[in-house]
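Shown next, in C-alpha cells, is the structure this report addresses.
In what follows, chains carry the letters A, B, and so on, assigned in the order in which the sequence lines appear, proteins first and then strands, with residues in each chain numbered from 1. Side-chain atoms are counted along with the backbone in the values below, which use heavy atoms only and exclude waters and symmetry mates.
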Number of protein chains: 2
Amino acid sequence: MDLSERQLQILQAIISDYVENAEPVGSRSIAKKYDLGVSPATIRNEMSDLEEMGYLTHPHTSAGRVPSDKAYRLYVDDLMQKKNLSARDKRLINDRLAASRDEFDATIRHAAELLSEITHLASFAMTPSVNEDTIAFIRLMPVDARTIILMIVGNSGNVTNTTLRLSVPYTQESLEMLGKHMTVTYKGRTLDDALKGEIIEDVGTDIEALSQLRGSVMPSFMKTLEDMLNVHLYMEGMTNIFNIPEYSSIDRARDFMQMFARKDEFTRKMLDRDEGVVITIGDENDSMKDCTLITATYHVDGKMVGKIGVIGPTRMKYDEVTSIMEYLTNNLSESFRLTEGKDDDKK
Amino acid sequence: MDLSERQLQILQAIISDYVENAEPVGSRSIAKKYDLGVSPATIRNEMSDLEEMGYLTHPHTSAGRVPSDKAYRLYVDDLMQKKNLSARDKRLINDRLAASRDEFDATIRHAAELLSEITHLASFAMTPSVNEDTIAFIRLMPVDARTIILMIVGNSGNVTNTTLRLSVPYTQESLEMLGKHMTVTYKGRTLDDALKGEIIEDVGTDIEALSQLRGSVMPSFMKTLEDMLNVHLYMEGMTNIFNIPEYSSIDRARDFMQMFARKDEFTRKMLDRDEGVVITIGDENDSMKDCTLITATYHVDGKMVGKIGVIGPTRMKYDEVTSIMEYLTNNLSESFRLTEGKDDDKK
DNA sequence: TGTTAGCACTCACTCTTGCAGAGTGCTAAT
DNA sequence: ATTAGCACTCTGCAAGAGTGAGTGCTAACA
C-alpha cells in the first residue's frame with residue numbers, strides 16, 4: 001500500500017502547486033510545470049489512485065485535485081526538506097532579538113512579531129510557565145500611611161509586585177517583620193506549591209498587630225502569586241489571515257478571531273502541546289479544523305519552557321515556516337541561556 | 001432654514017427605524033409604523049426636502065432613505081433623550097467593578113469588557129496618563145550576585161520595577177547609596193520631567209564604583225520611566241463588528257481590525273480627544289470614516305484622566321450607548337476617588 | 001395652500017438560460 | 001503500461017426577464 005516513487009513525485013507537485021496558488025490543480029498543469037516525463041493522462045490515473053487512498057480530494061467533478069490533511073501529513077513527515085533561511089531573515093531575527101535582550105517580555109513579544117512578519121501568518125509567543133520557580137524572598141515596603149507594596153521575588157529573577165491599601169495602620173517594623181517571616185515561611189517553595197499549599201497560620205508571634213497586618217496582606221499575596229504564575233501571551237499578525245483566500249468568508253474570519261479573543265482558553269490548549277516542533281494539521285486539531293498549527297519551544301535557563309507558534313491554513317509553506325521557527329527558538333534559547341536567571345518585571 | 005416640527009419627527013422616525021433594521025427606510029413604512037397622521041405622499045415630500053438639506057441620502061433612486069452623518073449629529077445634539085439603564089445592566093456594572101476594586105488595571109479592563117458586553121460593540125479602556133505623577137522614591141534591591149531590582153514609586157502609588165543584570169559587581173551599600181541619591185535627585189519631579197530633563201551627571205560622590213554602578217543603572221531607569229508613562233490599553237469585543245451588516249465585507253473588517261492592531265497609534269489618537277462624552281460621527285473622524293467613535297473620561301484621584309470608548313457603525317443606539325458610558329465613567333470615578341492614590345502594579 | 005391619491009418610472013435583486021473553459025474518466029490504440 | 005482522443009460534468013460569467021420596493025410628479029381635493 002506504499003506509494004510509488006512517481007506517486008510521491010506527483011503528490012509533491014500537487015502540494016507545491018496548491019500551496020503556491022490556492023487553487024485546485026489539474027493533471028495538465030502538473031505535466032507542463034513539473035517535468036515528470038509522463039502525459040497528463042497518466043497523471044490523471046495516478047491522481048485517481050491517490051484520491052482513492054485518501055491523499056487527494058475533489059471539490060467537484062470537473063475541478064482539479066486538492067491535497068488532503070493526510071497528504072500534508074505525509075509531506076511533513078517524509079517529503080519535506082529543510083529550507084535555509086535567507087540571510088536577510090537571519091539578520092532580521094538576530095538584530096531584532098538583540099535589541100531587546102535585557103527585557104525578557106519584550107524579547108518574547110518581538111519573537112512573535114518576527115514570526116508573523118516573516119511568515120505572513122498569525123503568530124503568538126508565550127513566556128514560560130514558572131510553576132517550578134521557587135520563592136527567593138518577599139518584601140513589604142511602605143509607600144504612605146495606608147499604602148504598601150508587596151514584592152515577591154523568584155529565584156529565576158522573576159519579580160512581581162502589588163500595591164495594596166491596608167485597612168489597618170502599620171509600622172515600618174511590623175512590615176519588616178512580616179516580610180521576613182513570610183520569606184522564612186515560603187523561601188524555596190515553588191510558586192505553585194505556595195499558592196496551592198495550606199496557608200501557614202502561625203505568624204511566629206503573638207503580637208496582635210502583626211497578625212492583623214498579615215490578615216490584610218495574605219489575600220494580595222495569593223493574588224500576586226497567581227499573577228506570577230500566569231503565562232503571558234503575545235499575539236501578532238492576526239489580521240494576516242484576512243489576506244488568505246481560505247478566510248475570505250466573514251464567518252471563517254470571525255471564528256478565527258474569536259478563538260484568539262479567548263486568550264485563557266487558548267493559552268491552556270497551547271501549554272498542553274509537547275516540546276519541540278509540533279505540527280497539527282486540519283482535523284488533527286480539536287478546534288480550527290481547517291488550520292494548521294505549528295508550535296515550537298524555547299528554553300530559559302535550561303529548564304523553563306516557553307512556546308512560540310503560528311497558525312495558518314493547512315495550505316502553508318511548511319518547510320519555510322518550520323525552518324524559521326527552529327532558527328528563532330534556537331536563538332531565543334541561546335540568549336536566555338547566556339543571561340540565565342534573567343527576567344524583567346511583568347509589565 | 002430650521003426644520004419644522006414634522007420634519008424633525010420624520011427624521012427621528014427614519015433614524016430609529018434605520019438604527020433598528022439597518023435598511024433604507026421608505027415613506028410607506030414610516031407612515032404605517034409611526035403615527036404621524038399624514039400619508040406616505042406627504043412624508044415623501046418632506047423626505048425630499050430633508051434630503052435637499054443634507055440630512056438624508058439615497059443609495060439609489062428606488063431605495064428608501066438613509067440618515068446622513070449630519071442627521072446623526074442633529075439627533076445626538078438636539079433630539080436624543082437620555083435613556084435609563086436597565087436595573088440588570090446597572091447591577092452588572094456595579095458587581096463587576098466591585099469585584100476588582102483593589103486592582104486598578106483589572107478594573108479598567110473590566111470596564112472595557114462591560115462596555116462591549118452591554119453595547120455589543122467594540123470597546124476599549126485606557127489607564128490614565130501619569131505624566132503629572134511625581135516620583136516618591138527610587139530603590140535598588142539585590143537579587144543575586146549580578147542581578148538587582150530597580151523600583152520606582154510614584155506619589156500616586158504607581159509602582160514599576162525592572163530586573164536588571166549588571167556587568168559590574170556591586171555591594172549592598174553601594175546600591176543603597178545610589179538609590180538614596182537618585183531619590184534625592186528625582187523626588188518630586190514628574191515622570192515626564194525626569195525622563196525628558198537633562199540627566200544629572202553628578203553622583204554626589206567621587207567613588208569610582210558608585211559612578212560605574214550608576215552608569216549601568218541609568219539606561220534601565222530611563223526605560224522604566226518610559227514604561228510607567230505608557231498608557232495601558234485594553235480592548236474588548238473586537239469581533240463584535242463581524243455581526244454588524246456594515247462590516248460584512250472582508251475588506252471593511254480587515255481595515256477595522258488593522259486599525260486596532262496598531263495600538264500605539266490608536267492610543268495617541270484617543271489621548272487627543274477632549275474630556276467628557278465626545279461623539280464623532282462618520283466623516284468627523286479622520287480615519288474610520290464610516291464609524292462612530294464615542295469616548296468618555298473618568299477621573300482618578302480628582303486629576304488624572306482615563307478614557308473609555310466604543311466604536312461601531314454610525315448606525316448605533318446613541319442614547320443607550322452614551323447612557324451606559326456615563327454610568328460607567330461615574331462609577332469608575334467614584335471608586336477611584338474613594339481609594340484615592342491607589343494603583344496596582346503594572347501587570 | 002397644504003395634503004393626498006394615483007401612476008409612471010427607476011433600480012436592485014433574483015432566476016434562468018446559454019456559453020466558454022477547465023478538468024476528469026473512459027476507451028481504444030500504441 | 002502509457003497515451004491520445006473524446007464525451008461528459010461542473011463552475012463561472014454574462015445577458016435577459018420578471019418582481020418588488022420605493023420614489024417623483026401631477027392633478028385632484030379640503
Side-chain angles (χ1 to χ4, degrees), chain A residues 2-11 13-18 20-68 71 245-246 248-249, chain B residues 2-11 13-18 20-68 71 245-246 248-249:
Chain A
D2 257 8
L3 298 184
S4 72
E5 187 58 32
R6 191 169 65 191
Q7 284 176 321
L8 288 176
Q9 279 179 353
I10 292 175
L11 190 57
I14 292 174
I15 291 173
S16 300
D17 207 83
Y18 186 67
E20 190 73 33
N21 305 312
E23 259 162 36
V25 11
S27 54
R28 219 176 88 89
S29 64
I30 293 263
K32 243 196 288 187
K33 279 197 233 170
Y34 304 84
D35 195 19
L36 300 178
V38 290
S39 78
T42 310
I43 292 174
R44 274 206 292 283
N45 289 330
E46 297 286 26
M47 279 161 84
S48 181
D49 291 350
L50 284 167
E51 178 159 9
E52 209 171 324
M53 289 185 271
Y55 291 104
L56 296 176
T57 53
H58 225 180
H60 57 85
T61 329
S62 76
R65 299 311 211 284
V66 170
S68 66
E246 277 88 339
S248 58
S249 115
Chain B
D2 256 7
L3 297 184
S4 72
E5 186 57 34
R6 192 170 65 191
Q7 284 175 322
L8 288 176
Q9 279 180 354
I10 290 176
L11 190 57
I14 292 174
I15 291 174
S16 300
D17 207 82
Y18 186 66
E20 189 73 33
N21 304 312
E23 258 161 39
V25 10
S27 54
R28 221 176 84 91
S29 64
I30 293 262
K32 244 196 289 188
K33 279 198 233 172
Y34 304 83
D35 196 19
L36 301 177
V38 290
S39 78
T42 310
I43 292 174
R44 275 206 291 283
N45 289 331
E46 298 286 28
M47 279 160 84
S48 181
D49 291 351
L50 285 168
E51 179 160 8
E52 209 172 323
M53 288 186 272
Y55 292 104
L56 296 177
T57 54
H58 226 180
H60 58 85
T61 328
S62 77
R65 298 311 212 284
V66 170
S68 66
E246 277 89 338
S248 59
S249 115

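The NE2-C1' distance, from B/H60 to C/dC11, rounds to 6 Å in whole Å. Straight-line distance from the CG atom of B/L56 to the P atom of D/dG22: 15 Å, rounded to whole Å. The interatomic distance linking A/I30 (CD1) with C/dA22 (P) rounds to 16 Å, in whole Å. Going from atom CD of A/E23 over to atom P of D/dT11 covers 15 Å, rounded to whole Å. Per the geometry, CZ belonging to B/R6 stands 10 Å off P belonging to C/dG2, to the nearest Å. Going from atom CG of A/D49 over to atom C1' of D/dT2 covers 14 Å, rounded to whole Å.
Shown here for A/A63 and A/P59, the closest heavy-atom pair between the two residues is CB-CG, 3.9 Å. Of all the heavy atoms in A/A13 and A/Y34, the pair that sits closest is O-OH, 3.7 Å. Contact detail for B/I15 and B/A71: the closest heavy-atom pair is CD1-O, 3.8 Å. The shortest heavy-atom contact between B/L56 and B/M47 is CD1-O, 3.9 Å.
Within the nucleic acid shown, B/T42 comes within 4.0 Å of at least one base atom, counting heavy atoms only.
Rounding to the nearest 0.5 Å places CG of B/L3 at 10.0 Å from CG of B/D49. Of the inter-residue distances, the one linking A/S248 atom OG with A/E246 atom CD reads 8.5 Å to the nearest 0.5 angstrom.
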* Asked: What string of B, S and - do you get for nucleotides 23-30 of chain C, 5' to 3', when a contact is any protein heavy atom under 4.0 Å?
  -> BBB-----

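Between its two ends, the helix from C/dT1-D/dA30 to C/dT30-D/dA1 turns its axis by 20°, counting five pairs per end and rounding to 10 degrees.
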Give the table of side-chain donor-acceptor pairs shorter than 3.5 Å for residues 20-33 of chain B, with sequence neighbours excluded, one pair per line with atom names and distance.
| from | atom 1 | to | atom 2 | distance (Å) |
| --- | --- | --- | --- | --- |
| B/N21 | ND2 | B/D17 | O | 3.3 |
| B/N21 | ND2 | B/D17 | OD2 | 3.3 |
| B/S27 | OG | B/R44 | NH1 | 3.2 |
| B/S29 | OG | B/G26 | O | 3.1 |
| B/K33 | NZ | B/D17 | OD1 | 2.8 |

* Output, in order, the C-alpha distance, side-chain angles, deciding distance and verdict of side-chain contact (heavy atoms from CB on, under 4.5 Å) for B/H58 and B/V66. => CA-CA 6 Å; B/H58 226 180; B/V66 170; over 6 Å; no

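Each of B/P59 and B/G37 has a nearest nucleotide on DNA chain C; the 5'-most of these lies closest to B/G37.
With B/R65 as reference, B/E51 is the one residue of B/E46, B/E52, B/E51 to meet the salt bridge (Lys or Arg N to Asp or Glu O under 4.0 Å) rule.
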